[in-house]
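Here the structure is laid out as structure tokens; the discussion comes afterwards.
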Amino acid sequence: MAALSSKPNHVRSISFPGSSHPTIQRVEEELNKLKSLEVPVAPKGNTVYSGLLGLEKLYKSIDDLLNLPQTLQTLSQSVDAKWIDDLLDKSVRLLDVCGTTRELVSQYKENVRDLESSLRRRKGDSTTDVSVERFTSFSKKIKTDAKRSVSTLKQMDRETAVPVLLDADQDTMAALRALREANAVCSAIFQMLLSFLCMPPLKPKQSKWSLLSRLVHKDRIAPEVQEENTSLETRLELIEAYLDSFEDALEAVFRCLIRSRSSLLNVLSC
């Protein structure tokens, strides 16, 4: 397993000056919590969910930071407007990816429920075959869509704008670092979620789909196949529960991203 901070294009843990404003220190704490997440090659649902909850806390803290009178004043006076424009552009792209990811999660949940329903019925007709084929086809589609979103996020990671500072104090510098760090961490968490969506419900070794497809038509399913089905159904139930939690967390993150963008616009208007 590896922490977020050890992955390519991911930022390292930061430490702001001890005398920084408490709100900046809170942002630092939330950032470092997210970057300490241990992420296996195949991300676990609870790790993804923890990351999304952490993003919500992070962006709430950032919104508090951006709305401090001294932050508004110093950023508007010390930072080139083009750099704020770059942050606004990235905020739009993060919102787009967040919205696309919510839609993918919703589609995934719908397909999981269809397959669960078919497995429960086992009517001896072609229902399960059709559901398995539909789910397999959907799995291929979601991988393509997820890879497209990951490419967008990686492109953002490569675009590191350097702010032009006129006369910035340490708190202003810390706020700027926090904004850059937040974008990178947000991108990393979304990539982790998209990777989770690309993983098949069954481990790759099997031709269990075809085995299940051949045997569901029998009046009596062999005990070992029944055990396989139970294992699959249990895994699908767990995945559905994760998808439910992801939907709620993504909705909260989406709202936070909108508020953060609104606060950045306030900086420009000052």
Side-chain angles (χ1 to χ4, degrees), residues 1-5 7 10-11 26-66 90-113 116 138-139 142-143 145-150 152-154 156-157 178-179 181-199 201 235-263:
M1 294 191 298
L4 281 181
S5 56
K7 287 180 172 285
H10 290 161
V11 287
R26 190 164 69 249
V27 171
E28 172 198 1
E29 291 170 4
E30 297 301 336
L31 280 166
N32 288 332
K33 282 179 189 175
L34 283 170
K35 283 177 284 187
S36 70
L37 283 177
E38 291 293 325
V39 183
V41 175
K44 303 295 184 184
N46 56 350
T47 305
V48 175
Y49 184 54
S50 294
L52 291 171
L53 291 181
L55 275 186
E56 181 184 3
K57 292 179 181 177
L58 170 63
Y59 275 95
K60 284 181 176 178
S61 297
I62 285 179
D63 194 56
D64 290 340
L65 173 62
L66 289 173
K90 283 185 170 60
S91 73
V92 170
R93 285 190 277 175
L94 285 174
L95 280 167
D96 285 344
V97 171
C98 187
T100 299
T101 305
R102 282 194 305 171
E103 181 60 29
L104 290 178
V105 168
S106 178
Q107 291 174 14
Y108 200 138
K109 187 170 72 172
E110 180 181 347
N111 277 267
V112 165
R113 285 178 173 173
E116 285 179 306
F138 170 75
S139 295
I142 203 171
K143 284 183 182 180
D145 292 343
K147 285 179 180 177
R148 190 178 299 116
S149 291
V150 168
T152 298
L153 291 167
K154 287 183 176 179
M156 284 180 56
D157 289 341
L179 292 170
E181 295 270 330
N183 280 340
V185 169
C186 188
S187 173
I189 298 298
F190 283 166
Q191 289 182 54
M192 181 170 62
L193 170 53
L194 291 163
S195 295
F196 178 89
L197 296 181
C198 289
M199 293 189 299
R235 181 159 173 75
L236 289 173
E237 287 173 2
L238 179 60
I239 289 174
E240 184 185 352
Y242 279 134
L243 295 172
D244 273 333
S245 64
F246 294 168
E247 274 191 317
D248 291 341
L250 282 168
E251 176 62 32
V253 171
F254 191 80
R255 289 195 299 267
C256 287
L257 288 171
I258 289 176
R259 284 197 296 269
S260 175
R261 177 174 171 77
S262 176
S263 296

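Side-chain atoms are counted along with the backbone in the values below, which use heavy atoms only and exclude waters and symmetry mates. Sequence positions, counted from 1, serve as the residue numbers for this chain.
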Are the side chains of [X] and [Y] in touch, meaning some heavy atoms are under 4.5 Å apart?
{"X": "Glu240", "Y": "Leu236", "result": "no"}
{"X": "Leu257", "Y": "Leu55", "result": "no"}
{"X": "Glu28", "Y": "Leu31", "result": "no"}
{"X": "Thr100", "Y": "Thr152", "result": "no"}
{"X": "Leu193", "Y": "Leu250", "result": "yes"}
{"X": "Asp64", "Y": "Arg26", "result": "yes"}

Measure the [atom1]-[atom2] distance between [X] and [Y] for me, rounded to the nearest 0.5 Å.
{"X": "Ser91", "Y": "Ile258", "atom1": "OG", "atom2": "CD1", "answer": "10.0 Å"}
{"X": "Leu53", "Y": "Glu30", "atom1": "CG", "atom2": "CD", "answer": "11.0 Å"}
{"X": "Ser139", "Y": "Asn111", "atom1": "OG", "atom2": "CG", "answer": "7.5 Å"}
{"X": "Arg93", "Y": "Leu153", "atom1": "CZ", "atom2": "CG", "answer": "9.5 Å"}
{"X": "Phe254", "Y": "Thr101", "atom1": "CZ", "atom2": "OG1", "answer": "11.0 Å"}
{"X": "Lys143", "Y": "Cys198", "atom1": "NZ", "atom2": "SG", "answer": "6.5 Å"}

For [X] versus [Y], what's the shortest heavy-atom pair and its separation?
{"X": "Tyr108", "Y": "Ile239", "result": "CE2-CG2, 4.1 Å"}
{"X": "Cys98", "Y": "Phe190", "result": "CB-CZ, 3.7 Å"}
{"X": "Ala182", "Y": "Tyr59", "result": "O-OH, 3.3 Å"}
{"X": "Ala178", "Y": "Ile62", "result": "O-CD1, 4.3 Å"}
{"X": "Pro43", "Y": "Val48", "result": "CB-CG2, 4.1 Å"}
{"X": "Ala249", "Y": "Leu52", "result": "CB-CB, 3.7 Å"}

Of Glu103, Glu110, Lys109, the one forming a side chain to side chain donor-acceptor pair (under 3.5 Å) with Gln107 is Glu103
Is it true that Glu29 and Lys33 make a salt bridge, defined as a side-chain N closer than 4.0 Å to a carboxylate O?
no
salt_bridge(Glu251, Arg255) N-O dist < 4.0 Å:
yes
Check step by step if salt bridge (Lys or Arg N to Asp or Glu O under 4.0 Å) holds for Asp145 and Arg148.
CA-CA 5 Å; Asp145 292 343; Arg148 190 178 299 116; 3.1 Å; yes
Result of checking Asp63, Leu94, Val92 against Arg261 for side chain to side chain contact (heavy atoms under 4.5 Å, CB included)
Val92
Would you please test Leu104 and Leu194 for side-chain contact (heavy atoms from CB on, under 4.5 Å) and show each step?
CA-CA 9 Å; Leu104 290 178; Leu194 291 163; 4.0 Å; yes
Is a donor on one side and an acceptor on the other found under 3.5 Å between the side chain of Ser106 and the backbone of Arg102?
no
Ser187 and Gln191 side chains, donor-acceptor separation under 3.5 Å
yes
